[in-house]
Amino acid sequence: FTLLAISFLTFFAKATVLTVSNHSNSPGQYTNLQTAVNAASAGDTIYVHGSPTNYGTITIDKRLTLIGTGHKPNKTNALVSEIGTIQLDSIPNISGASGTKIIGFKLSYITGYLGGTHHIEIKRNYFHPGSTKINITGSGWTLTNNIVRAGNINVNNNSNLIIQNNILDNSFPL
């Protein structure tokens, strides 16, 4: 009976795809990224269109997949998906954002929260020069195929950290 109930729930548990664009020439379901994050359910995917305007600071408190355009799309007049700061979780020792994936953005700062945010995947992002920072808290973070320019990566009590195939250009040591 338990196996049948789990199968039934799995069949009806469907993730949703949401789209966000703050650029009038490329409409999305949402114009504000934080509004889309708030409306999403755990397990949803949010596609973020390229825009000449930064999407600002966001806080993620549930497991989501955010996918941007990549830091340098191969197009004429390419627009990138840029986020200033991503805060994963907002309550100490509660890790709702664990399992989140951040793929294809131009970023300046990403951080977990006190008590640890676990199993975060950061892929194919560009961390631009300036106050660039990746603050790793929790276990099981994976940083793959990112470019980190003149910034630093802080590792706080992390186990099972994987950093592979990244370009760390003038970055501070781990």
* **Qualifying residues under side chain to side chain donor-acceptor pair (under 3.5 Å), relative to Asn146, sequence neighbours excluded** => Asn125, Asn166
* Asked: Heavy-atom distance under 4.5 Å between the side chains of Arg124 and Asn145, does that happen here?
  -> yes
* **Pairing residues for Ser21 by the side chain to side chain donor-acceptor pair (under 3.5 Å) criterion, not counting sequence neighbours** => none
* For Lys62, which residues count as a salt bridge (charged side-chain N to carboxylate O under 4.0 Å, His left out) partner, sequence neighbours excluded? -> none
* Asked: Which residues pass the side chain to side chain donor-acceptor pair (under 3.5 Å) test with Gln87, sequence neighbours left out?
  -> none
* Structure fact -> Taken to the nearest 0.5 Å, the spacing of Ile162 CD1 from Glu121 CD works out to 9.0 Å
* Under the side chain to side chain donor-acceptor pair (under 3.5 Å) rule, collect the residues that match up with Thr100, sequence neighbours excluded. => none
* How about Phe127 and Ile147: do any of their side-chain heavy atoms sit closer than 4.5 Å? -> no
* To do: Could I get the full list of side-chain contact (heavy atoms from CB on, under 4.5 Å) partners for Ser81, not counting sequence neighbours?
  => Val48, Thr69, Phe105
* Quick one: does His118's side chain have a donor or acceptor within less than 3.5 Å of a partner on Ser139's backbone? -> yes
* Asn22 side chain to Thr31 backbone, donor-acceptor under 3.5 Å -> no
* Asked: Would you say the side chains of His49 and Ser26 form a donor-acceptor pair under 3.5 Å?
  -> yes
* Mark yes or no for whether Gln29, through its side chain, and Thr19, through its backbone, hold a donor-acceptor pair below 3.5 Å. => yes
* Check ring-ring contact (aromatic ring centres under 6.0 Å, His included) between Tyr47 and all other residues, then give those that pass, not counting sequence neighbours. => none
* Does the side-chain contact (heavy atoms from CB on, under 4.5 Å) test come out yes or no for Ile83 and Ile102, once each step is laid out? -> CA-CA 11 Å; Ile83 301 172; Ile102 310 294; 5.8 Å; no
* Could you list the residues that satisfy side-chain contact (heavy atoms from CB on, under 4.5 Å) with Leu79, not counting sequence neighbours? => His23, Pro52
* Under the side-chain contact (heavy atoms from CB on, under 4.5 Å) rule, collect the residues that match up with Gln34, sequence neighbours excluded. => Asn32, Val37, Asn38, Ile58, Thr59
* To do: Could you tell me whether the side chain of Asp61 and the main chain of Gly96 form a donor-acceptor pair under 3.5 Å?
  => no
* **side-chain contact (heavy atoms from CB on, under 4.5 Å) partners of Thr65, counting only residues at least two apart** => Thr45, Ile67, Lys101, Ile103
* Asked: Short question: side chain of Trp141, backbone of Thr117 - any donor-acceptor pair under 3.5 Å?
  -> yes
